[in-house]
Amino acid sequence: MKKQFAVIGLGRFGGSICRELAEQGMEVLAMDLNEDKVNEFAQVATHAVMADSTDENTLKSLGIRNFDHVIVAIGDDIQSSILTTLMLVELGVPHITVKAQNDYHEKVLNKIGAHKVVHPERDMGIRIAHNVVSKNVLDY
Ligand code: ATP
């Protein structure tokens with residue numbers, strides 16, 4: 001059976017995850033508060049819904065606990081990101097990946113039980129630094 005993914009927050013980060021998962025033939029539920037975002041992803045994702053992920057009843061009615069992996073890609077609204085993650089943990093979602101905005105956010109997300117916390121700008125910066133160093137080493 002195909003793995004079921006949900007992406008909450010369709011900014012640049014969440015949107016690119018959503019597109020790539022769909023491209024790879026995965027089942028993806030795309031969720032955002034913003035109607036324009038939802039319309040943008042209606043043709044990309046398997047389902048696109050306009051919903052507030054901090055509303056527990058909404059998460060339950062979408063059957064979020066049955067998804068294999070949920071990605072929380074809410075950026076600026078740290079409170080919503082934390083609350084959403086907490087509810088996903090409590091509902092028993094097996095894999096939860098969350099984008100952190102800063103180190104404090106990351107710490108809280110780890111504490112409340114997020115399975116993986118990513119910090120895209122920092123992580124990519126580290127990768128690029130490693131990459132340019134290893135290129136320089138090879139050049140000599
Ligand atoms: P980017 O990935 O573009 O850098 P960002 O880190 O600036 O994005 P935001 O733009 O703050 O992140 O949030 C990403 C998306 O999450 C937005 O489209 C926003 O509408 C959506 N979002 C914020 N709060 C919620 C919520 N409670 N439920 C669903 N979607 C939400």
Side-chain angles (χ1 to χ4, degrees):
M1 216 174 92
K2 272 189 188 173
K3 278 201 168 178
Q4 306 244 17
F5 293 87
V7 179
I8 300 175
L10 303 169
R12 284 170 304 172
F13 179 67
S16 99
I17 292 176
C18 188
R19 280 184 202 285
E20 190 57 30
L21 288 171
E23 189 87 3
Q24 290 190 25
M26 302 294 158
E27 300 250 335
V28 197
L29 169 74
M31 186 195 301
D32 203 291
L33 273 179
N34 181 309
E35 191 176 4
D36 292 340
K37 289 281 173 197
V38 175
N39 289 337
E40 188 186 333
F41 283 85
Q43 306 300 322
V44 176
T46 318
H47 300 286
V49 291
M50 189 173 102
D52 182 351
S53 61
T54 62
D55 180 352
E56 191 170 9
N57 289 330
T58 300
L59 292 181
K60 282 183 177 164
S61 67
L62 288 167
I64 206 84
R65 64 174 354 136
N66 300 318
F67 283 76
D68 299 292
H69 200 144
V70 179
I71 293 119
V72 182
I74 299 172
D76 295 341
D77 189 349
I78 292 178
Q79 187 173 314
S80 292
S81 160
I82 292 170
L83 187 55
T84 300
T85 304
L86 183 60
M87 287 189 294
L88 296 172
V89 171
E90 285 178 349
L91 288 168
V93 174
H95 297 284
I96 305 166
T97 296
V98 193
K99 172 187 170 175
Q101 198 73 352
N102 56 50
D103 291 347
Y104 299 113
H105 187 194
E106 182 171 5
K107 203 168 178 178
V108 175
L109 293 170
N110 282 319
K111 254 304 195 253
I112 62 174
H115 304 115
K116 188 169 172 63
V117 179
V118 293
H119 210 138
E121 292 85 357
R122 190 193 60 191
D123 298 347
M124 188 51 83
I126 293 169
R127 281 183 64 177
I128 289 175
H130 281 278
N131 199 270
V132 294
V133 168
S134 64
K135 264 206 173 117
N136 281 344
V137 170
L138 287 177
D139 282 348
Y140 285 108

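Keep in mind it's a predicted model, so treat the numbers as computed, not measured.
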*Please say which of K37, Q43, E35 ends up in a side chain to side chain contact (heavy atoms under 4.5 Å, CB included) with N39.*
E35
*R122 CZ: over 12 foreign heavy atoms closer than 6.0 Å*: yes
*Just how far is it from atom CG of N110 to atom NZ of K116, taken to the nearest 0.5 Å?*
10.5 Å
*same_hphob_cluster(V98, I71) at 4.5 Å side-chain heavy-atom cutoff*: no
*Quick one: do M31 and F13 end up in the same hydrophobic cluster if we chain Ile, Leu, Val, Met, Phe, Trp and Tyr together by side-chain heavy atoms under 4.5 Å apart?*
no
_Could you report the tightest heavy-atom contact between L109 and T85, atom names first, then the distance?_
CD2-OG1, 3.7 Å
*Would you name the heavy atoms of S134 and N131 that are closest together and state the gap between them?*
OG-O, 3.1 Å
*Is D52 close to T58 at the side-chain level, that is, under 4.5 Å between some pair of heavy atoms?*
no
*Spell out, yes or no, whether I17 and F41 are grouped together once hydrophobic residues are joined by side-chain heavy atoms under 4.5 Å, including indirect joins.*
yes
*asked:* Between D32 and L10 (side chain of the first, backbone of the second, donor and acceptor by atom type, cut-off under 3.5 Å), is there such a pair?
replied: yes
*Considering all heavy atoms, the nearest A73-G9 contact*: CB-O, 3.6 Å
_Assess whether a salt bridge exists between R19 and E23, defined as any Lys/Arg side-chain N lying under 4.0 Å from an Asp/Glu carboxylate O._
no
*Nearest-0.5 Å distance that lies between atom CG in N57 and atom CG in L62*: 11.0 Å
*Could you state whether I74 and L83 fall into the same hydrophobic cluster, counting links through intermediate Ile, Leu, Val, Met, Phe, Trp or Tyr residues with side-chain heavy atoms under 4.5 angstrom apart?*
yes
*Side chains of S81 and Q101: does their closest heavy-atom pair fall under 4.5 Å?*
no
*Roughly how far, to the nearest 0.5 Å, is CD of E56 from CD1 of I64?*
12.0 Å
*asked:* Please find the pair of heavy atoms, one from A48 and one from A42, that lie closest to each other, and give the distance.
replied: CB-CA, 3.8 Å
_4.5 Å side-chain heavy-atom contact, E27 and D68_ = no
*Measure the CG-CG distance between D55 and L33 for me, rounded to the nearest 0.5 Å.*
10.5 Å
*Minimum heavy-atom separation for V38 to V49, with atom names?*
CG2-O, 3.5 Å
*To the nearest 0.5 Å, tell me how far R65 CZ sits from K60 NZ.*
7.5 Å
*asked:* For residues V7 and V89: do they belong to one hydrophobic cluster (side chain heavy atoms under 4.5 Å, members Ile, Leu, Val, Met, Phe, Trp, Tyr)?
replied: no
*Minimum side-chain heavy-atom gap E106-D103 below 4.5 Å*: yes
*Kindly give the heavy-atom pair with the smallest separation between V117 and A100, and that separation in Å.*
CG1-CB, 3.6 Å
*Does H69 reach the main-chain N or O of F5 with its side chain, forming a donor-acceptor pair under 3.5 Å?*
no
*So do H105 and I82 actually touch side chain to side chain, heavy atoms under 4.5 Å?*
yes
*asked:* Please report the interatomic distance OG1(T54) to CG(L59), rounded to the nearest 0.5 Å.
replied: 8.0 Å
*asked:* So I78 and N102, do their side chains get closer than 4.5 Å, heavy atoms only?
replied: yes
*Heavy atoms, side chains only, cut-off 4.5 Å: are S53 and V72 in contact?*
no
